[in-house]
Amino acid sequence: MKNEMIAMLLAGGKGTRLASLTKKNAKPAVYFGGKYRIIDFTLSNCANSNISTVGVLTQYESIQLNAYIGAGNKWGLDGNHNKAVLLPPRQKEEGSSWYNGTADAIIHNLDFIEENDPEYVLILSGDHIYKMNYEEMLAFHKETNAAVTIAAIEVPWSEANRFGIMVYDESGNITTFQEKPKQPASNMASMGVYIFTYSKLKEYLLADQKIERKEHDFGKHILPEMLKAKEKMVAFHFHGYWKDVGTIESLWEANMDLLRDNDLDLFNRRRDWKIYSEDTFSLPQYLGPNSLVVDSLINQGAKIFGHVHKSVIFHQAIIEEGAEVSESVILPGAIIRRNARVHRAIIDSKMIVYENAIVGSTDGVITLIA
Amino acid sequence: MQRVLGIVNLHHSISLSALTRRRSLASVGFLARYCFIDFVLSNFANSNINEIGVLIKEYPRSLFRHLGLADKEWSLNAKTGGISLLYNEQYANHGYYNHDINNLIENYWFLRSSKADYVVIAPAHILLRMDYRDMIREHIESKADVTILAQEVSALEQKDVDCDCLRVDPNQRVLSIEENHFNEGNSLVSLETVVMKRETLIDLIRTTTQISTFFSLRDGLNALCKDWMIRAYTRKGYVRFIDSIQQYMRCSLELIDPERASELFSTNWPIYTRTYDTPPARYEETADVKESYVANGTIIRGTVHHSIIGRDVLIEEGAVVKNCILQSHTRIAKGAHLEYVVVDKEAIISEVKEIIGKENQPVIIKQEEVI
């Protein structure tokens with residue numbers, strides 16, 4: 001069955017600024033929101049956008065991530081016509097190499113794309129937290145007859161130099177593209193979500209492959225090349241919650257964001273976009289006789305005997321009696337023992353904070369125990 | 001290792017008052033995220049029994065919904081096993097004829113086409129953690145025709161339940177199956193669970209129908225005690241008969257004690273259930289929750305003590321819920337005060353201020369009611 005558009009999800013990144021959270025774990029597999037892993041968002045977006053074929057390109061420390069993705073059944077991508085296919089780097093007749101850059105990863109999997117013979121290819125990253133209907137973006141791409149459509153989001157000027165920045169007119173036509181510029185010409189950032197007309201993608205990837213270079217990257221090489229060649233490139237303005245949780249601080253902030261109603265609507269109040277994930281075979285969460293839980297999110301399987309304030313508690317976590325947890329994120333299976341105090345911290349999976357220990361400070365810095 | 005077929009027998013007449021008005025006990029919600037049938041299905045799955053049949057007596061629709069994705073959720077290998085839903089269409093409306101034997105006859109293909117050597121038949125209303133493999137092993141070694149699972153139960157525990165007692169000889173041979181006589185002292189109570197060869201079950205069905213077409217499996221076994229070798233296999237441990245609304249309430253609230261819960265739940269005996277990708281529960285600034293189980297998707301702004309709260313429930317600020325069981329998607333509005341109430345799915349308590357029941361007489365708010 002021919003697919004109009006397939007998705008290629010780049011999930012190979014390390015997330016170096018997430019420190020020990022990504023020591024043995026790829027960034028898309030990092031936990032978020034009491035229950036989820038970051039990659040649940042892009043995969044759920046694909047499922048909800050009726051995309052039936054998703055290639056997931058893994059590389060860095062991919063055991064947990066590969067096992068988590070499996071055959072895609074957590075997101076309904078495992079039927080006869082739906083599939084999630086894991087695409088780690090592989091040996092070929094021509095030789096073998098790791099993926100060196102976002103475009104390089106796609107170049108190495110052109111055979112997979114060819115097999116699926118799509119008209120359009122959606123390039124995504126598994127690093128971001130957001131809800132988006134890719135069908136709407138595809139409609140815009142077709143309407144404008146573009147070679148590539150780039151999803152754009154407004155960012156604070158102070159952060160603009162961290163992103164790929166675009167300048168475009170009212171019709172969306174991109175006139176300038178700057179990769180991490182020191183002097184940004186605008187504050188509209190590329191979300192790393194691209195829809196290419198496949199023939200154009202193939203053309204530019206193959207051309208770039210011929211250039212002997214250490215890496216091949218969309219933002220640094222492919223897109224600027226297309227702009228130079230005056231290809232039609234348009235920006236699709238995205239409105240809504242979007243977070244790149246690249247640092248401990250931003251990961252912590254994104255978790256705290258969930259304690260207030262916001263555009264992300266994780267609780268799906270609008271009932272239009274559910275995020276799918278893994279459910280555990282746990283008892284429902286249990287709150288003990290002396291527990292106190294206020295302004296917090298708690299997942300099934302957690303056992304709370306102490307005090308929890310403004311925090312996110314994952315499955316199988318245990319907060320013992322007398323312990324106090326505030327403004328923190330307690331990952332799966334972590335144990336906070338009696339009378340310990342945890343404040344403004346992220347406690348990694350299966351870590352134990354011992355009796356009477358004090359973790360975290362009030363000076364604004366987020367502590368990570370991993 | 002022998003191949004074993006598991007059969008869930010839902011032909012026991014259990015009424016949990018309004019909770020079973022439109023669904024069978026098997027589909028009744030329990031402990032915030034389960035249905036009763038999850039426990040027996042999980043016992044089968046964890047005992048490595050892959051091929052399952054469910055004998056449905058009535059109200060099949062909610063079971064079809066719950067078990068739709070059965071193969072995946074209960075960790076069964078869909079290719080080598082799976083769940084078959086067996087409904088007795090022909091006798092659905094005939095009280096005397098709608099029993100397990102007739103269901104098995106109506107769905108004869110099921111027993112005939114199975115390649116299993118042995119069959120385990122178990123009910124859904126008796127809550128326990130059970131590895132059937134030991135019982136099967138003893139059954140084979142003893143060379144009995146049928147083995148019935150039993151447990152010594154004290155008079156006190158027995159008095160409120162409707163159960164059968166087994167009279168056995170010193171070799172554990174069953175001499176008769178009798179209705180609960182409310183004896184003083186202990187009795188050997190049948191847990192309505194049996195093992196036998198698949199061929200023996202087919203034989204049992206034939207022989208029983210020759211005696212009487214009104215006879216159920218239990219009646220057939222009782223009649224054949226003298227001619228067949230029927231033995232008892234005794235177990236110990238947590239067991240609860242959920243056959244009345246009082247038992248339902250009592251056994252649910254009892255599990256709020258973590259020690260009691262660990263008698264039924266264990267990390268190496270997971271209880272599988274259907275999952276819904278519901279987000280974590282949210283406790284807001286005014287939440288006051290103690291000694292309770294809370295399912296995902298719930299938003300709590302009020303007070304909840306010693307209760308069991310199902311999925312996607314909303315408890316508004318100022319609401320007080322004590323010793324209650326709230327099923328999924330219910331809403332308790334500001335100012336409502338509930339004690340010993342069971343609120344069925346989707347019901348909304350918005351206007352009435354106080355609903356106070358008693359432990360032995362809980363108030364049941366029916367499904368989708370608006371109070």
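Order of the sequence lines fixes the chain letters, A, B, ..., with proteins taken first and strands second; residue numbering starts at 1 for each chain. Here the structure is a predicted model, which means the values were calculated and not measured.
Within the 4.5 angstrom heavy-atom criterion, atoms from both the backbone and the side chain of B:Ile256 approach chain A. Within the 4.5 angstrom heavy-atom criterion, atoms from both the backbone and the side chain of B:Tyr293 approach chain A. If you measure heavy-atom distances from A:Phe314 to chain B, you find no contacts under 4.5 Å at all. At a 4.5 Å heavy-atom cutoff, A:Ile313 makes no contact with chain B through either its backbone or its side chain. The parts of B:Leu31 that come within reach of chain A are both its backbone and its side chain, each placing non-hydrogen atoms under 4.5 angstrom from that chain. In this structure, the portion of A:Ile275 lying under 4.5 Å from any heavy atom of chain B is its backbone and not its side chain.
A distance of 10.5 Å separates CG in B:Asp38 from CZ in A:Phe281, rounded to the nearest 0.5 Å. For the atom pair A:Lys74 NZ and B:Asp277 CG, the distance stands at 10.5 Å (nearest 0.5 Å). Rounding to the nearest 0.5 angstrom, the gap separating the CG atom in A:Leu287 from the OG atom in B:Ser307 is 12.0 Å. In this structure, OG1 in B:Thr298 is found 7.5 Å from CD in A:Gln285, a value given to the nearest 0.5 Å.
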Starting from the C-alpha separation in whole Å, work towards a yes-or-no answer on salt bridge (charged side-chain N to carboxylate O under 4.0 Å, His left out) for B:Arg274 and A:Asp279. CA-CA 9 Å; B:Arg274 176 147 184 196; A:Asp279 257 310; over 6 Å; no

For B:Tyr283 and A:Asp295, run side-chain contact (heavy atoms from CB on, under 4.5 Å): C-alpha distance rounded to whole Å, both residues' side-chain angles, the deciding distance at 0.1 Å, then the answer. CA-CA 5 Å; B:Tyr283 299 78; A:Asp295 209 5; over 6 Å; no

Might you work through the side-chain contact (heavy atoms from CB on, under 4.5 Å) test for B:Asn296 and A:Lys35, ending with a clear yes or no? CA-CA 10 Å; B:Asn296 274 9; A:Lys35 173 178 182 167; 4.1 Å; yes

Determine, step by step, whether B:Glu285 and A:Arg260 satisfy the salt bridge (charged side-chain N to carboxylate O under 4.0 Å, His left out) criterion, reporting the C-alpha distance in whole Å, the side-chain angles of both residues, the deciding distance to 0.1 Å, and the verdict. CA-CA 11 Å; B:Glu285 307 244 344; A:Arg260 296 276 162 272; 3.7 Å; yes

Decide yes or no on side-chain contact (heavy atoms from CB on, under 4.5 Å) for B:Glu284 and A:Val294, but give the supporting numbers first. CA-CA 6 Å; B:Glu284 299 203 351; A:Val294 166; over 6 Å; no

Begin from the C-alpha positions of A:Leu292 and B:Lys290 and carry the test side-chain contact (heavy atoms from CB on, under 4.5 Å) through to its verdict. CA-CA 7 Å; A:Leu292 182 69; B:Lys290 296 200 195 323; 4.2 Å; yes

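Residue A:Ile63 places its CD1 atom among 12 or fewer non-hydrogen atoms of other residues, nucleotides or ligands, all under 6.0 Å distant. Within 6.0 Å of atom OH in B:Tyr238, more than 12 heavy atoms from other residues, nucleotides or ligands are found, so the atom counts as buried in its surroundings.
Between B:Arg282 and A:Leu266, the closest side-chain pair of non-hydrogen atoms is not below 4.5 Å. Using a 4.5 Å heavy-atom cutoff, the side chains of B:Tyr34 and A:Pro284 are in contact.
If you tally non-hydrogen atom pairs under 4.5 Å between each of A:Gly34, A:Gly288, A:Ser277 and chain B, the highest count goes to A:Gly288. For the options A:Ser291, A:Gly33, A:Ser296, heavy-atom pairs under 4.5 Å to chain B are most numerous at A:Ser296. Interface remark: of the candidates B:Gly310, B:Ser292, B:Ala295, B:Ser292 forms the most heavy-atom pairs closer than 4.5 Å to chain A.
Of the possible donor and acceptor atoms, none in the side chain of A:Lys303 sits under 3.5 Å from a partner among the backbone N and O of B:Pro258. Using modelled atom types, one side-chain atom of B:Arg33 and one backbone atom of A:Ser282 make a donor-acceptor pair closer than 3.5 Å.
Heavy-atom minimum distance, B:Pro280 versus A:Phe267: O-CE2, 3.3 Å.
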